[in-house]
Amino acid sequence: MESSKMHMELEAQYGARNYKPIPIVISEAEGVWVWDPEGRKYLDCLSSYSAINQGHRHPKIMQALEEQSKKLTLTSRAFYNNRLGKYLKKLCEVSGFEVALPMNTGAEAVETGIKIVRRWGYRVKGVEKDKAEIIVCHNNFHGRTTTIAGLSTDETASADYGPFPPGFKKIPFDDTEALEEAITENTVAFLVEPIQGEAGVIIPSEGYLKRAKEICEKHNVLLMTDEIQTGFCRTGKMFCFEHDGIKPDVLLVGKALGGGVIPVSAAITRKDVMDVITPGSHGSTFGGNPLGCAVAEAAMDVHIEERLDERSAELGDYMLKHIRAIDSPVFKEVRGKGLFIAIEVKEEYGKARPFTERLKDKGLLAKETHEQTIRLAPPLIIKKEEVDWILKILRETFLDELK
Ligand SMILES: *Cc1c(COP(=O)(O)O)cnc(C)c1O
């Protein structure tokens, strides 16, 4: 009999220790639910860091995967394929932009964005060679490559991985005065998450992106938003920037674009900006592969057809209101936008980890981010009854069993 214990031991013995998972093995999944090899059932309240907004194995996405897998999976970009163009058109229509560059992982989309804005800086803005600067925020999370690890202000993510490339300036998040002060004639872009996900669902003050956009425009700087986690309805709109009524200059997407099946990411922008990218100057063997394109088209369709933006907004408001109403002495703060919610645990009650392990024992899978915060981000297809079940488990854990 295959046991959870066996799988955890195999990972511990043969795998690098770059993660510290909650001790549960998942062997099957459907919708918002997952099962372990012993047949225990859990509700997935992390959604693979928002990469499974459509729920596990959504039928429409699985159908696209199956059908495409029978025809064509990979061509490389040495040749055209019959899926990429249609996919790019949909991605541009859904996001409201003109052109996209297809990649696979989120970190690759960010790297692509960095290349685009730097080239734009040299070739359009007229920045002196090798002087381009990009402004980023404290406590950002943009991925794990060596360049991006260098942007991090989190020691755990960056210690002893240097030397890091120059050309980045770090300023506090949600501080537009600091942004304006940091801009010089060499500044090409401001790279920012509309809501900082990995930092613990940190929501900036109202209108932050709008003010940032005004400042960027005034100084001829590109606003590049990383919506790899906030994108595709997570915060109650298709993209989080819509809450501010603005459009960034460059948009980075990933995670849910792959429908929980295959890594699909992109850097999306205007034609005049993307024009700096010329043949041979950037690429990816798997980027724009037909299997990924078919899956991503279906993944976007699900968001639109099932109005996941409205679901996320309505159920998110409902969930946030009722978590706050639990009024647990453990809660330092409960915050959220759409179904992107965080509970911050008061330090006198210890760290978040023992709570996430207790939630797991009750069948609710959530993961702590940093020491004190529990992120709740279920698949957006979740039903109200399932949200009520989450609320019941939270009430037990954070109120009834404390007494
Ligand atoms: C997850 C994430 C990334 C990196 O995506 P990967 O697919 O893990 O490389 C980048 N930015 C944000 C905001 C993320 O949440």
Side-chain angles (χ1 to χ4, degrees), residues 16 18-19 21 46-53 95 101-117 134 136-154 156-158 161 168 170 173-174 189-204 208-209 212 223-235 237 239-241 248 250-268 284 286-289 292 295-296 299 336-342 366-370 373 375-377 380:
N18 56 330
Y19 280 89
L46 179 66
S47 310
S48 299
Y49 304 95
S50 293
I52 311 197
N53 285 356
S95 59
L101 197 159
M103 298 297 283
N104 310 284
T105 65
E108 288 174 335
V110 175
E111 290 278 352
T112 302
I114 291 170
K115 284 188 178 177
I116 293 171
V117 299
I134 296 170
V136 298
C137 290
H138 295 166
N139 302 317
N140 70 70
F141 182 83
H142 296 296
R144 300 294 198 173
T145 63
T146 46
T147 290
I148 300 171
L151 313 186
S152 183
T153 50
D154 176 3
T156 317
S158 62
Y161 288 148
F168 297 95
K170 295 165 192 173
F173 182 61
D174 195 14
F190 175 42
L191 168 61
V192 66
E193 298 157 86
I195 290 175
Q196 290 189 318
E198 290 317 294
V201 190
I202 307 298
I203 302 169
Y208 171 56
L209 269 194
L223 175 63
M224 178 156 67
T225 53
D226 179 347
E227 293 235 24
I228 290 163
Q229 192 158 162
T230 54
F232 299 105
C233 306
R234 176 53 59 190
T235 71
K237 301 260 189 207
F239 295 101
C240 195
F241 67 73
V250 182
L251 173 66
L252 308 174
V253 292
K255 291 203 167 111
L257 183 56
V261 175
I262 192 170
V264 181
S265 72
I268 319 175
S284 160
F286 277 83
N289 73 81
V295 162
K337 203 164 200 152
L339 280 167
F340 201 29
I341 293 173
K367 180 77 166 64
E368 71 280 356
T369 161
H370 297 289
T373 307
R375 171 176 28 197
L376 299 168
L380 307 178

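Numbering of ligands and ligand atoms starts at 1, following listing order.
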Review point. So do the side chains of F232 and L380 get within less than 4.5 Å of each other, counting heavy atoms only?
Key: no
Exercise for review: Starting from atom 7 (O) of ligand 1, locate the nearest protein heavy atom and write down its residue, its atom name and how far away it is, to 0.1 Å.
Suggested key: G106 N, 2.8 Å
Check your understanding: With a 4.0 Å cut-off on heavy atoms, is Y49 touching ligand 1?
Key -> no
Review point. When only distance counts, is E198 in polar contact with ligand 1, meaning an N/O pair under 3.5 Å?
Key: no
Exercise for review: Just jot down the ligand 1 atoms closer than 4.0 angstrom to any heavy atom of D226, in number order.
Suggested key: 10 (C), 11 (N), 12 (C), 13 (C)
Review point. Would you say K255 has any N or O atom under 3.5 Å from an N or O of ligand 1, going by distance alone?
Key: yes
Point to revise | Side-chain touch Y208/P194, heavy atoms, less than 4.5 angstrom | key: no
Check your understanding: Does a donor on one side chain sit under 3.5 Å from an acceptor on the other, for T156 and D154?
Key -> yes
Exercise for review: Verify the distance criterion only: is there a donor paired with an acceptor across the side chains of S50 and R234 at less than 3.5 Å?
Suggested key: yes
Review point. Can you tell which part of E193 has a heavy atom less than 4.0 Å from ligand 1: side chain, backbone, both or neither?
Key: side chain
Point to revise | Closest heavy-atom pair and its distance - A109, M103 | key: N-CB, 4.4 Å
Check your understanding: Does any N/O atom on A107 come nearer than 3.5 Å to any N/O atom on ligand 1?
Key -> yes
Review point. Quick one: does T147's side chain get under 4.5 Å of I114's, heavy atoms only?
Key: yes
Practice item. Can you sort out which atoms of ligand 1 are near F141, meaning under 4.0 Å from one of its heavy atoms? Key: 1 (C), 2 (C), 3 (C), 11 (N), 12 (C), 13 (C), 14 (C)
